[in-house]
Amino acid sequence: MSAEGTKRVYFFKPGQADGRTEMKELLGGKGANLAEMSNVGLPVPAGFTLTTQTCADFYTAGRQWPEGLEEEMDANIAMLEETTGRKLGDKDDPLLVSVRSGAAVSMPGMMDTVLNLGMNDESVQGLAAQSGDERFAWDCYRRFILMFGNVAMGVPHRLFDEILTREREKAGVEFDSQLSAEQLKGIVAEYKQIYKDSTGEEFPAEPKAQLRRAIDAVFGSWHNPQAIRYREINEIRGLRGTAVNVQTMVFGNMGHTSFTGVGFTRDPATGENTLYGEYLVNAQGEDVVAGIRTPKNINDMPNEDLADFPGAEISAEEAGELYGRMHAQIIDIKHKLEEHYTDMQDFEFTGQQGTLYMLQTRTGKRTAQAAVAIAVDLKNEDFIDKTTAVMRVDPNQIEQLLHKQFNEDDKARAESEGRLLATGLPASPGAAVGKIALSAADAEAMAAVEAEKSDGIGIILVREETSPEDIGGMDAAVGILTARGGMTSHAAVVARGMGKCCVAGCSAVRPDVKAKKVTIAGQEFAEGDVISLDGSLGQVIAGAIAQEDPEMTGAFGILMEWAEDYRDMGVWANADTPHDAQAALDFGAEGIGLCRTEHMFFEEERIAFVRQMMLTAPDVRRVQRELDAAEFAAGQVAGAERGELQEKVDEISKELATHRTIYDGALDKLLPAQREDFEGIFRVMDGLPVVIRLLDPPLHEFLPHVAEVQARLGEQMGIPAQDVAARVNELRELNPMLGHRGCRLGLIYPDVYAMQVRAIMEAAVNVVKEGVQVHPEIMIPLVATAEELRVTRDSAEKICQDVLSTADVTVDYTIGTMIEIPRAALTADQVAEYADFFSFGTNDLTQMTFGFSRDDVGVFVPEYVEKEILEHDPFQVLDQSGVGQLVRMGVEKGRQTKPGLKIGICGEHGGEPRSVKFCHSVGMNYVSCSPFRVPVARLAAAQAAIEAKA
Ligand code: PEP
Ligand code: MG
């Protein structure tokens, strides 16, 4: 322990460890699990872990070791030497260690690792004696200089590679493994020279000095660009830094009785309960992950006959026996791990001359499909209870299951047309269609261009193999295709984590990055050409395949059913069309929480009449006011004077009639169209509530800005094109989102809202007559004061009563408002006087609370998040401490006035799991979100109920 009493280094050896699995924050995921595996008695090579706090203190001290660390390290090195019976740098039987990063949250491949540490001119002799293989010892030494030089001192990999290539050519051999001990000795000397030339110092022979530098490098890699980017993309924040694990090396490359591999206790792609993984004979760990040699299926171990290794030191029969025994031991470890952790584990193992070691275990990354299947299976196998199963699945992740899949017929057609190009490994399921990009940078740039287009499509990143630097491109892509690498290669692991479709190790793919071309099974494609990927089958298909909506069946259906046992808050959907309403119902929505009527206005045949209505509305209003004034004036006088004024009244009336003809003409066209829309939605939602919001956006959003369209509109309205242009200009606002929109439109141009309310009520009457049950809830947007709501509500009530007075059925309707302006939340007790319900419009509420324009945040919010000025984009994740206060206050004040007031949310946050949990905590009756997020919200709401009771 250091002077100030902070324990910085935690020791572990089989059967005994200072740490525990719960100490992830301090020891990192890897360190905590190495400790836990040691405690469980699994065969873990001994070692020790430097805490994440030490990393934080290292940075605080200006990249210096904090006080006391040196002494603690010395004590732990001494313990390690005692445990293993070996000494660092020993010329007879040296101790060699690995130095690896390991944060509290797994960041695969993003930070640095140094292996074989402790190699020098003396220990190389010792290792040769220990392994009985001089060639092996010198190869380890060579690898160490390379890795140490590159990681700790930044010597470019390329410089070392050039030497190796040259020496191979000189020796006339194809593979490194064919170089002799003597040749490797020469390479070691050259590597040392490169090191010296690049760094200006001799290669450090002293193992403790090597260790110190390696630890500094691992700490330093916490802030390397790809690690920073990975944390950004995965929203990993608030961590102290990385832990460093120093562990006795075991060698999977000590001949053909040695091997290395990675395993999952269940299939991470499908969730199937079967050992899953890969191994490589005579290899080191990074050979598997880097995807340089294609590994073998772990379940083929018992059939290993070393046929690929002529001249191996054991016979085929001996190999079968040894690898069969190793496989049985791994199966046994699979059971032990699952029993102990009660979850699917992802582990790394190495066999050194016939002895199996466990190097790592952690909760395995999995696809959404596997996450759901595993949670359901573990409950059915009695590992966990139902509540735990519901809590196990991240609601954000299940959105992946709601993505589109390929239309079977279209796919069959593509196959019969010979468009199925090749099959690789089904590394991450799902379907993707997109344009080929051959580099991560191109993928990012092309995705940005596509996002700007109304008919933009996705990007498929095609690479030889991916590396951590490709993370931005992988994030921008909808699918990933690699030529090399296995199911546990970087591409596969990262894609699964991102929930992206991935086909890996497809050897028919030959990318040529320079020429921006790729050959797939002999067929040439240019960057930008479209291909489709089926990540569940590993298929690569030329051209686009039609996609369709997924279904909630199998384990997904079961889990969602279990979730229903806990959920006590409603989940509704935002839907503007019968089609969307049906999709929402299929996903379990219990109502429509927001139907944005303006979306219906954009339909091709309607927009011209919407424009006609909007362009004449100001004239109608102006002339009506003139008429009112003239009539008033005429009423004040008598005789000849009155006659004169009356003439003026008649003249103005005529002008009004002209405008009204055009205005009412448009409204008359729109009324039946809207009525039909509402009838369609009511029929689908039979018996369930439907909240319909009256027109909300600023008028100018609908207006034509192109001369040709203005001319056509002028023709329709019987006015010159320049008059249209002039009126469009008049309606221009400097700050439209804070301008004439929402209920302000309804108050200034009452006919528009009157038409909409009439359409809603007439539609309701019509479908009630068909036997449909309807509960229309008319929602008035953008209310800031109770008075705005009172007046708007009064007008709406009159129309409702008018419609019902001539109908021979009754309709049960309500009128409520959105709370989306801070003032409405602050005065919610007054607003509630006139509202039958509240629905929080947290998009606008966020905009107005932060003073961030929702349409312009792209310019600065991402950088705010990157710089941690904001924890999240507040338009995606509800800002609980700021905007949330207004929401909480709005709920409380509203219910002070009306205790039973029904309250929901319809901003984008209604489908975001953390925000859903917040809505539950303030006592909302329901959340409303886009149809495809309904299952996400249902699961989040169930988890909220479970957490609230815990
Ligand atoms: C809101 O403001 O949260 C809302 C749902 O309305 P819109 O996004 O249509 O402004
Ligand atoms: Mg709004």
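Atoms within a ligand are numbered from 1 in the order they appear, just like the ligands themselves.
You'll find the side chain of Arg606 reaches within 4.5 Å of the side chain of Leu670, heavy atoms only.
Atoms of ligand 1 found under 4.0 Å from any heavy atom of Cys906, numbered from 1 in the order shown, are 5 (C). Taking every non-hydrogen atom of Arg596 and a distance limit under 4.0 Å, the qualifying atoms of ligand 1 come out as 4 (C), 5 (C), 6 (O), 7 (P), 8 (O), 9 (O). Close contacts of ligand 1 with Arg854, meaning ligand atoms under 4.0 Å from a residue heavy atom, involve 2 (O), 7 (P), 8 (O), 10 (O). Against a heavy-atom cut-off of under 4.0 Å, Met818 is close to the following atoms of ligand 1: 4 (C), 5 (C), 6 (O). Atoms of ligand 1 found under 4.0 Å from any heavy atom of Asp696, numbered from 1 in the order shown, are 10 (O). The atoms of ligand 1 that sit less than 4.0 Å from any heavy atom of Leu594 are 5 (C). Distances below 4.0 Å separate heavy atoms of Arg741 from the following atoms of ligand 1: 10 (O).
Asp568 and His920 form a side-chain donor-acceptor contact under 3.5 Å, judged by distance and modelled atom types alone. For the residue pair Thr842 and His909, a side-chain donor N or O sits within less than 3.5 Å of a side-chain acceptor on the partner. For the residue pair Gln756 / Thr597, a side-chain donor-acceptor distance below 3.5 Å is found, with atom types taken as modelled. Residues Asp829 and Thr897 have side chains that never bring a donor and an acceptor to within less than 3.5 angstrom of each other.
At a threshold of 2.8 Å, the Mg ion (ligand 2) has a backbone or side-chain N, O or S atom of Glu820 nearer than that distance.
Using bins of under 30°, 30° to 60° and over 60° for the plane-to-plane angle, the ring pair Phe838/Phe840 lands in the perpendicular bin.
At least one N or O atom of Asp844, backbone or side chain, sits closer than 3.5 Å to an N or O atom of ligand 1. Taking only nitrogen or oxygen atoms, main chain and side chain alike, Gly841 reaches within less than 3.5 Å of ligand 1.
In terms of protein heavy-atom proximity, atom 6 (O) of ligand 1 is nearest to Arg693 NH1, 2.9 Å.
Sorting the N, O or S atoms of Asp844 by how far they are from the Mg ion (ligand 2) puts OD2 first.
Sorted by first then second residue, the salt bridge (Lys or Arg N to Asp or Glu O under 4.0 Å) pairs that include residues 780-795, not counting sequence neighbours, are Glu787-Arg790, Arg790-Asp794, Arg793-Glu797, Arg793-Asp836.
Residue-environment remark: NZ (Lys867) stays at or below the threshold of 12 foreign heavy atoms within 6.0 Å. Counting heavy atoms of neighbouring residues, nucleotides and ligands inside a 6.0 Å radius, atom CZ of Phe852 exceeds 12 of them.
Look at Met848 and you'll find every heavy atom at least 4.0 Å from all atoms of ligand 1.
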